[in-house]
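Reading through the structure tokens given below for one structure.
Residue numbers start from 1 in every chain, and the chains themselves are labelled A, B, ... in the order their sequence lines are given, proteins ahead of strands.
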Protein chains: 2
Amino acid sequence: MFELYQLEQLLAFAECGTLSGAAERLHLSQPALSRSMQRLEAELQVSLFDRQKNKIKFNENGRMAAEYARQVMEKCQDMIGRVQAFDRSQRTILLGSCAPAPLWEIPPVLSDLYPDRTISSEMRENDVLLQGLRDNFYQLIILPYPVEEPGISCVKYGEEHLYFSLPPAHPLSGSKELYMKDLNGETMLLRNRLGFWRNVTDQKMPDTRFLEQEDVAFEELVKFSALPSFTTDVVLHREGNPVNRVNIPILDDEANVTYYCLYKPHGLNDLNAFLKTLPTD
Amino acid sequence: MFELYQLEQLLAFAECGTLSGAAERLHLSQPALSRSMQRLEAELQVSLFDRQKNKIKFNENGRMAAEYARQVMEKCQDMIGRVQAFDRSQRTILLGSCAPAPLWEIPPVLSDLYPDRTISSEMRENDVLLQGLRDNFYQLIILPYPVEEPGISCVKYGEEHLYFSLPPAHPLSGSKELYMKDLNGETMLLRNRLGFWRNVTDQKMPDTRFLEQEDVAFEELVKFSALPSFTTDVVLHREGNPVNRVNIPILDDEANVTYYCLYKPHGLNDLNAFLKTLPTD
DNA sequence: ATGCCTTACGTTATACGTAATTATT
DNA sequence: AATAATTACGTATAACGTAAGGCAT
């Protein structure tokens with residue numbers, strides 16, 4: 001049987017058109033390549049080149065062989081990529097989430113439960129997350145809605161409820177509850193990296209001017225500006241109630257989400273220890 | 001990059017389950033195989049085996065890698081087969097036929113028309129012929145029925161009609177025409193290597209005892225025995241009418257065939273010169 | 001004990017580089 | 001002359017075999 005290095009050499013020749021050029025690209029001497037191709041021909045029992053005294057080019061067999069060589073090399077590269085990805089997925093847990101809150105809570109739990117694994121996490125669009133789970137890129141994703149799909153399990157993770165965070169001087173600060181449209185058109189402060197929440201605000205409050213801020217700047221501005229902003233029950237529980245702010249529940253359905261935890265039950269990762277930590281309702 | 005011999009070794013281990021067994025199958029020493037697999041793991045940067053002190057078996061990575069290795073090797077074998085077939089098809093014409101008669105007539109014509117090519121021919125089952133044509137193993141095949149298939153052309157080649165060849169003393173020797181069932185149950189002489197005709201006789205005359213004979217012996221026996229046998233118009237035209245025999249046409253549809261010539265019009269062989277020699281109806 | 005895997009070490013096979021040769025532009 | 005391919009010959013890399021050691025059944 002021929003060897004892969006010979007197929008690589010064949011492909012180098014296919015691209016260069018001369019043995020000397022291909023040899024240079026391969027960091028190989030010209031005679032070595034010449035002999036290697038002769039061996040390949042002998043191995044295949046087929047001539048691959050038209051040879052004149054100081055000229056060499058593919059014949060039809062050679063062109064065909066090069067095309068197959070390309071496919072074989074591609075398959076080998078695919079093999080390397082997939083086996084390595086598979087190996088990684090066995091020793092790491094990659095968490096994808098549609099929103100920031102789960103990323104505050106889940107990675108510490110996972111690190112605790114799976115101390116011998118690397119825990120990584122990132123925020124992405126819902127559809128990217130779902131496809132990534134299908135492809136075994138993620139081992140665990142959090143979506144703001146349930147998904148029924150063969151091979152994928154879906155359990156409730158938790159809830160998050162959006163509030164307006166208003167300065168006491170705001171005309172609506174005395175409200176018991178509000179709809180998002182009630183503040184549409186005003187200028188609001190917004191954390192950046194809000195995940196899917198950003199889609200909700202854009203959709204329900206299209207006329208609002210959002211001033212996006214980094215986390216630290218956001219907290220400072222909330223403290224010292226009179227601009228309305230958002231908060232959630234999870235944020236309030238985590239960071240406490242900021243001074244000089246009134247938190248008013250938002251009634252829109254989109255502002256009150258249930259997160260779902262999606263994973264492949266037949267994946268190699270045993271996520272049961274983590275799943276047991278979830279609420280059972 | 002790893003090499004193909006390592007994938008072969010991986011597959012041998014996959015089948016044997018032990019390094020020593022695989023090494024023996026590969027005609028290789030056990031330590032050599034052990035190191036080779038270590039190199040493969042290092043190359044892939046992934047562990048493929050669970051190792052205990054004197055036990056080794058695949059881990060999940062290994063099983064996956066073996067599956068990909070199988071696919072790669074398969075693709076390489078496919079490459080070899082196709083390149084060799086392509087090479088052959090450029091310098092030879094391989095004719096496959098369902099019956100002997102076309103093999104008497106066609107090869108001389110091809111040799112005449114294509115003096116610089118090697119003409120080979122063989123007789124095979126209909127389905128083998130058709131698959132071989134699809135795979136570019138054959139450049140030209142003869143079947144006893146037409147085939148409509150994309151990429152394959154089909155033109156009428158000729159006809160052949162089966163006769164009973166009876167000794168004058170046979171009770172049915174005065175018949176004008178017969179059906180195959182009329183002689184079912186008797187003992188008959190048969191040439192061997194009849195191709196698809198053998199299927200016809202077995203199917204239509206299941207109770208007949210056929211004494212298969214080599215060509216030479218067959219002709220002798222026809223001359224000197226009183227056993228009925230078969231002949232065809234092509235045979236009669238080729239060999240003349242044997243003495244002391246009466247030839248009676250057989251009326252069954254299966255006994256009167258039209259041969260069709262199948263080939264790939266886009267193949268590299270220019271078979272037009274041959275096709276022009278065929279009848280135009 | 002016997003079987004199986006690994007490590008160590010010396011050997012061999014084979015792919016490689018250098019040099020020489022020939023032919024083409 | 002310069003470029004390109006092949007052949008010849010010596011070299012070096014790397015896979016191999018043998019030997020030795022450890023562990024399990």
Side-chain angles (χ1 to χ4, degrees), chain A residues 1-63 65-66 69 72-73 76 80, chain B residues 1-63 65-66 69 72-73 76 80:
Chain A
M1 176 68 80
F2 55 81
E3 287 297 340
L4 288 181
Y5 75 89
Q6 291 174 297
L7 299 190
E8 285 178 335
Q9 293 169 353
L10 193 77
L11 291 176
F13 174 81
E15 290 173 13
C16 294
T18 69
L19 287 182
S20 30
E24 187 174 7
R25 166 183 305 208
L26 293 164
H27 307 292
L28 204 71
S29 73
Q30 187 187 56
L33 183 57
S34 175
R35 285 184 309 246
S36 191
M37 293 297 93
Q38 288 169 17
R39 288 194 302 271
L40 181 59
E41 288 177 293
E43 180 61 46
L44 287 172
Q45 299 176 302
V46 156
S47 80
L48 301 174
F49 305 94
D50 281 336
R51 289 182 169 81
Q52 285 129 23
K53 280 298 176 186
N54 69 340
K55 203 171 286 183
I56 189 171
K57 59 181 181 184
F58 274 145
N59 60 21
E60 289 298 320
N61 294 334
R63 268 183 282 278
V72 169
M73 294 309 301
C76 288
I80 293 173
Chain B
M1 177 67 81
F2 55 81
E3 287 297 340
L4 288 182
Y5 74 91
Q6 292 174 295
L7 300 189
E8 286 179 333
Q9 292 169 354
L10 193 76
L11 291 177
F13 174 81
E15 291 174 12
C16 294
T18 69
L19 287 183
S20 29
E24 187 174 7
R25 166 184 305 207
L26 293 165
H27 306 293
L28 203 72
S29 73
Q30 187 186 56
L33 182 58
S34 175
R35 284 184 312 245
S36 191
M37 292 299 92
Q38 289 169 16
R39 289 194 302 271
L40 180 59
E41 288 178 293
E43 180 61 48
L44 287 172
Q45 299 176 303
V46 155
S47 78
L48 301 175
F49 304 94
D50 280 337
R51 290 182 169 82
Q52 284 130 21
K53 280 299 174 185
N54 66 342
K55 202 171 288 185
I56 189 172
K57 57 182 182 183
F58 274 144
N59 60 22
E60 289 298 320
N61 294 334
R63 268 182 281 277
V72 169
M73 294 310 302
C76 288
I80 293 174

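A distance of 7.0 Å separates CD in B/Glu41 from CD in B/Gln38, rounded to the nearest 0.5 Å. To the nearest 0.5 Å, atom CZ of residue B/Phe13 and atom NZ of residue B/Lys57 are 10.0 Å apart.
Put simply, the side chain of A/Leu44 reaches to within 4.5 Å of the side chain of B/Ile80, judged on heavy atoms. Taking the side chain as every heavy atom from C-beta outward, A/Glu24 and A/Ser20 never approach each other to under 4.5 Å. Considering only heavy atoms from C-beta on, A/Glu3 comes within 4.5 Å of B/Tyr5 through its side chain. Within the 4.5 Å cutoff, the side chain of B/Gln6 has no heavy atoms near those of the B/Glu43 side chain. Within the 4.5 Å cutoff, the side chain of B/Gln9 has heavy atoms near those of the B/Leu28 side chain. Proximity of A/Leu33 to A/Gln30: side-chain heavy atoms (C-beta onward) are nowhere separated by under 4.5 Å.
Judged by closest nucleotide on DNA chain C, B/Arg35 is the one of B/Arg35 and A/Pro31 placed further toward the 5' end.
Between A/Arg39 atom CZ and C/dC16 atom C1' there is a gap of 9 Å when expressed in whole angstrom units. As a whole-Å value, the separation of A/Leu4 CG from C/dA15 P is 14 Å. Residue B/Phe58 contributes atom CZ, which lies 12 Å from atom P of C/dC5 at whole-angstrom precision. Note: CE (B/Met37) to P (C/dC4) measures 18 Å, nearest angstrom. Taking atom CD of B/Gln6 as the reference point, atom P of D/dA14 lies 12 Å away to the nearest angstrom.
For DNA chain D, the residues of residues 42-52 of chain A within the heavy-atom distance limit of 4.0 Å (strictly under) are A/Arg51, sorted by number. Using a 4.0 Å cutoff on non-hydrogen atoms, the parts of residues 11-28 of chain B near DNA chain C are B/Thr18, B/Leu19, B/Ser20, ordered by number.
Taking only side-chain nitrogens and oxygens, B/Ser34 comes nearer than 4.0 Å to OP1 or OP2 of C/dT6. At the phosphate of D/dT7, OP1 or OP2 sits under 4.0 Å from a side-chain N or O atom of A/Gln38.
Ring pair A/Phe49/A/Phe58 is parallel by interplanar angle, where below 30° counts as parallel and above 60° as perpendicular.
Residues A/Leu10 and A/Ala69 share a closest heavy-atom pair of CD2-CB, 4.1 Å.
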Please list, pair by pair, any protein nitrogen or oxygen found under 3.5 Å from a nitrogen or oxygen in nucleotides 21-25 of chain C.
from	atom 1	to	atom 2	distance (Å)
C/dA23	N3	A/Asn54	ND2	3.4
C/dT24	O4'	A/Asn54	OD1	3.1
C/dT24	O4'	A/Asn54	ND2	2.9

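A donor-acceptor contact shorter than 3.5 Å links the side chain of B/Asn61 to the backbone of B/Ser47.
The A/Gln9 side chain lies nearest to C/dC16 when the options are C/dC16, C/dT6, D/dT6. With distances taken from any side-chain atom of B/Gln30 to the nucleotides C/dG17, D/dC16, C/dT6, the minimum falls on C/dT6.
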